[in-house]
2 protein chains.
Amino acid sequence: MTAPLERKRHASVHTLERGRVRRLEIIEAATELFGSAGYRGTGLAGIAAQVGVTQAGLLHHFGSKEKLLEAVVAHRSEQDAALIDEIIGTGGLGMFDRLHLLARHNTKRAGLSQLFTVLVAENLLPEHPAHDFFLDRYRTLRSALVTALKDGRKRGEIRKDVDLKAVSRRIVAGLDGLQTQWLLDPDEVDLIEGYKELGASFKRELRA
Amino acid sequence: MTAPLERKRHASVHTLERGRVRRLEIIEAATELFGSAGYRGTGLAGIAAQVGVTQAGLLHHFGSKEKLLEAVVAHRSEQDAALIDEIIGTGGLGMFDRLHLLARHNTKRAGLSQLFTVLVAENLLPEHPAHDFFLDRYRTLRSALVTALKDGRKRGEIRKDVDLKAVSRRIVAGLDGLQTQWLLDPDEVDLIEGYKELGASFKRELRA
DNA sequence: CCACACTTGCCTTCTGATCGGTAGGTAGGT
DNA sequence: ACCTACCTACCGATCAGAAGGCAAGTGTGG
């Protein structure tokens with residue numbers, strides 16, 4: 001195993017940009033591997049190999065495995081935020097008709113959905129490295145939902161006798177749980193169909 | 001660290017029974033550690049140390065780490081089956097009033113709930129060691145729910161225009177998802193309350 | 001009733017692989 | 001000259017697991 005590891009793949013490019021590109025390549029490889037084998041089950045060597053770099057070369061960019069995890073998670077999170085905003089939109093019941101956007105996004109890149117499912121489970125306890133990130137993520141998501149539902153209530157779309165915090169927890173639970181079943185058993189569980197039914201059910205429940 | 005490791009703790013007991021007891025001790029320790037650090041994040045040495053046995057002593061009983069995982073999962077599964085039966089009972093809407101049994105069971109031993117949440121995530125892909133187990137578990141659970149709901153429909157408790165398979169997926173998703181949120185954030189999410197609301201919501205949706 | 005073979009429990013010791021991470025160097029662009 | 005990228009080489013720790021032995025309980029034939 002003394003493969004010469006072709007050098008200077010980016011020879012003609014600015015040094016600075018080469019670094020940025022490498023970082024992205026590493027993040028993408030790490031996303032894929034963390035998603036399928038989990039954070040703990042993935043070695044730096046494996047990620048490095050996939051990028052075509054040594055393990056030390058990888059650490060040159062990210063310093064430690066945990067920093068790499070943070071980078072992966074932050075990278076993914078940015079992309080998510082926009083989508084969430086688009087779905088929740090101006091609030092009210094309309095968002096339940098836009099869940100197909102989320103479904104399409106998730107099915108298109110199943111590896112990313114899997115990454116999050118795995119990482120949440122790996123970080124349930126406070127001492128785990130990304131626990132606080134996910135804690136915050138869920139709280140933020142639930143409170144965004146509460147706000148959106150309140151909006152809908154103000155406009156008279158949504159009944160006044162429902163506990164919006166409780167409903168938000170159940171919405172998130174339903175989305176999460178369906179995704180898990182779909183990831184585990186894509187032949188039996190159709191995510192798009194599942195989200196559609198879930199949205200319809202909440203609309204019936206909440207409609208004024 | 002040359003602690004003499006007190007021998008013959010079970011000196012006066014039949015050899016056969018000592019083995020059975022040890023196995024159980026190991027399964028319990030493994031359950032706890034797999035639950036908090038995951039399968040991949042837990043070393044045999046850690047489990048062995050907690051039981052007060054060497055790593056080799058542990059492998060004497062289970063042969064390999066993967067066999068130990070199977071034993072842990074099977075052990076837990078037996079206990080579950082009874083509870084599931086008790087809740088689903090004779091079918092129909094009544095089961096939604098019995099979800100507090102599940103909630104109590106889960107909250108009483110949070111480590112066990114966590115074990116399953118972590119293991120499911122670690123076994124989403126077909127090549128993972130316990131993938132088939134969880135695939136089967138979810139399919140069985142959903143089909144048990146379908147049967148129970150059909151029963152309720154036959155007795156006229158449940159409306160005839162609902163897709164029972166879809167509802168079953170959503171019930172499982174809701175339970176699972178709420179559990180995850182509770183494990184991650186027990187201060188903000190009350191599992192017992194959550195299950196109660198979930199059950200009430202499904203009853204409203206399904207009632208004939 | 002007892003000697004001997006066998007089984008079971010569990011030990012110590014070891015192995016090769018892999019883990020995350022450090023140190024120090026070189027090449028090339030700025 | 002200095003910075004960035006990335007290398008080789010190495011570190012100690014930990015991983016799952018195999019090998020082989022000793023001690024104690026168990027079943028069996030004499």
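The shown structure was predicted, so the numbers you read here are calculated from the model rather than taken from an experiment. Here is the naming used below: chain letters follow the sequence lines, and residue numbers restart at 1 for every chain.
Taking atom CD of B:Glu25 as the reference point, atom C1' of C:dG9 lies 13 Å away to the nearest angstrom. As a whole-Å value, the separation of A:Ile26 CD1 from D:dC6 P is 8 Å. A:His61 places its NE2 atom 16 Å from the P atom of C:dG21, with the value rounded to the nearest Å. Here D:dC7 presents its P atom at 7 Å from CZ of A:Arg22, a figure rounded to the nearest Å. Between B:Gln55 atom CD and D:dA13 atom C1' there is a gap of 14 Å when expressed in whole angstrom units. When the P atom of C:dG20 is taken as reference, atom NZ of A:Lys67 falls 17 Å away, rounded to whole Å. Protein atom CG of A:Leu59 is 13 Å distant from nucleotide atom C1' of D:dC7, rounded to whole Å. Rounded to whole Å, atom C1' of C:dC19 lies 12 Å from atom CD1 of A:Ile47.
Using a 4.0 Å heavy-atom cutoff across all strands shown, A:Arg23 reaches sugar-phosphate atoms only and no base atom. Among the heavy atoms of the strands lying under 4.0 Å from A:Leu44 are primed sugar atoms or P, OP1, OP2 only; no base atom is included.
Residue whose closest nucleotide on DNA chain C sits further toward the 5' end, between A:Tyr39 and B:Leu58: B:Leu58.
Closest to the side chain of B:His60, from the set D:dG17, C:dG9, C:dT13, is C:dG9. Checking C:dG21, C:dG9, D:dG17 against every side-chain atom of B:Lys65, the shortest atom distance belongs to D:dG17. Among C:dG21, D:dC6, D:dC7, the nucleotide with an atom closest to any side-chain atom of A:Thr54 is D:dC7. Listed candidates were D:dC7, C:dT12, D:dC6. Nearest to the side chain of B:Ala56 is C:dT12.
Judged by distance alone, the side chain of B:Ser201 and the main-chain N or O of B:Glu197 form no donor-acceptor pair under 3.5 Å.
Minimum interatomic distance between A:Tyr39 and A:Glu122 (heavy atoms only, all atoms of both residues): N-OE1, 2.9 Å. Considering all non-hydrogen atoms of both residues, B:Ala30 and B:Val72 come closest at CB-CG2, 3.7 Å.
Under the Watson-Crick or G-U wobble criterion, with both distances below 3.5 Å, D:dA19 is paired with C:dT12.
Using a 4.0 Å cut-off between a side-chain N of Lys or Arg and a carboxylate O of Asp or Glu, B:Lys196 and B:Asp190 do not qualify as a salt bridge.
A:Phe202 and A:Phe96 have parallel rings, their planes meeting at less than 30° on a 0 to 90° scale where 60° marks the start of perpendicular.
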